[in-house]
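Start at 1 and go down the list; that is how both ligands and their atoms are numbered. All values reported here derive from a predicted model rather than from experimental measurement. No hydrogens, no waters, no symmetry mates; every other heavy atom, side chains included, goes into these values.
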Amino acid sequence: MARISPLAFAGAALLGGLWLAERARPLRRQTHGTATRQLRNLALGAGTMLVVSAIEMPVLKVLARSNATARRGLVQAVPLPRPLQIALGVAAMDYAYYWWHIATHKVPFLWRFHRVHHIDPDMDMTTALRFHAVDMLVSLPFRVAQVTLAGADPAILMAHRRFFDASVLFHHSNLRLPGRWDERLSLIFTTPEMHGVHHSKLREEMDSNWTSGLSLWDRLHRTLRRRPQANIDIGVADAASLADLALGNSLTAPFRALPQPLPPDSVSLR
Ligand SMILES: [Zn+2]
């Protein structure tokens with residue numbers, strides 16, 4: 001019988017546990033047809049995963065191996081015990097993602113692709129998969145720069161990948177943590193409440209909580225914002241965001257002109 005690695009088992013347990021938990025303790029009321037929305041997100045996620053596993057990760061693994069042999073990048077230049085070296089590498093890559101995420105909102109060409117992720121009118125674990133496959137190619141030069149500057153070797157690259165995947169699934173989930181645990185956890189990590197604010201249609205709320213891992217970066221740059229979740233209007237306030245939800249439209253949207261933004265008073269303050 002095939003052996004299941006402890007890491008794969010932990011990953012499957014996290015996925016299953018989170019899937020059950022966000023149903024048992026919803027954070028925000030879902031407003032759109034859940035099954036259709038989730039199926040679309042899963043379909044987009046399948047395309048994304050294909051590009052990541054066939055192109056992005058093989059390229060980055062070659063780069064990470066050459067970082068280690070050429071002793072290139074931040075981590076390779078700092079003599080540290082191995083666990084601290086791995087933690088520093090993961091943190092450096094996480095910080096680079098903070099800036100890249102801002103760029104995906106502020107540079108119109110990058111927003112065309114990132115918008116496909118944000119038009120989801122509800123959030124749950126499947127929103128974490130809702131990315132355009134071509135987005136993974138568009139972000140590849142950034143990923144190459146990120147891995148090179150951080151000096152990530154293969155172990156650091158994989159440690160970051162696991163941290164990033166777990167974090168992205170967790171903070172997109174519709175899970176209401178008990179008591180004040182969301183606030184407490186947000187002292188270190190990105191939480192569902194934090195990231196819910198980033199998915200708000202309101203510009204000043206969308207322009208906050210950029211981090212995808214450690215909350216430190218938003219604290220450092222004073223971009224961390226918390227607010228109650230019950231009346232957040234999730235999505236993008238533009239003329240085509242709902243029409244672009246359909247799978248075919250989501251795939252072609254980045255190659256059409258960006259839709260006109262709707263006036264701020266169109267955002268419902270449910
Ligand atoms: Zn975003």
Trp181 ring centre to Arg184 NZ or CZ under 6.0 Å, with the angle to the axis within 45°?
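Verdict for Trp181: a cation-pi partner in Arg184.
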Between His199 and the Zn ion (ligand 1), is there a contact where an N/O/S atom of the residue lies under 2.8 Å from the metal?
no
Backbone or side chain, does His101 get an N/O/S atom under 2.8 Å to the Zn ion (ligand 1)?
yes
Exam field: side chain His132 to backbone Leu251, donor-acceptor pair closer than 3.5 Å:
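Yes: the side chain of His132 pairs with the backbone of Leu251.
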Under 6.0 Å between ring centres: does that hold for Phe164 and Tyr97?
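Between Tyr97 and Phe164, which both carry aromatic rings, the centre distance is below 6.0 Å.
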Where the Zn ion (ligand 1) is the centre, what is the NE2-to-NE2 angle for His198 and His105, rounded to 10°?
90°
Mind reading off the angle at the Zn ion (ligand 1) between the NE2 atom of His118 and the NE2 atom of His114, rounded to 10°?
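NE2 of His118, the Zn ion (ligand 1) and NE2 of His114 span an angle of about 90°.
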Residue list, salt bridge (Lys or Arg N to Asp or Glu O under 4.0 Å) with Arg130, at least two apart or on another chain
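Once residues adjacent in sequence are excluded, Arg130 has no partner under the salt bridge (Lys or Arg N to Asp or Glu O under 4.0 Å) criterion.
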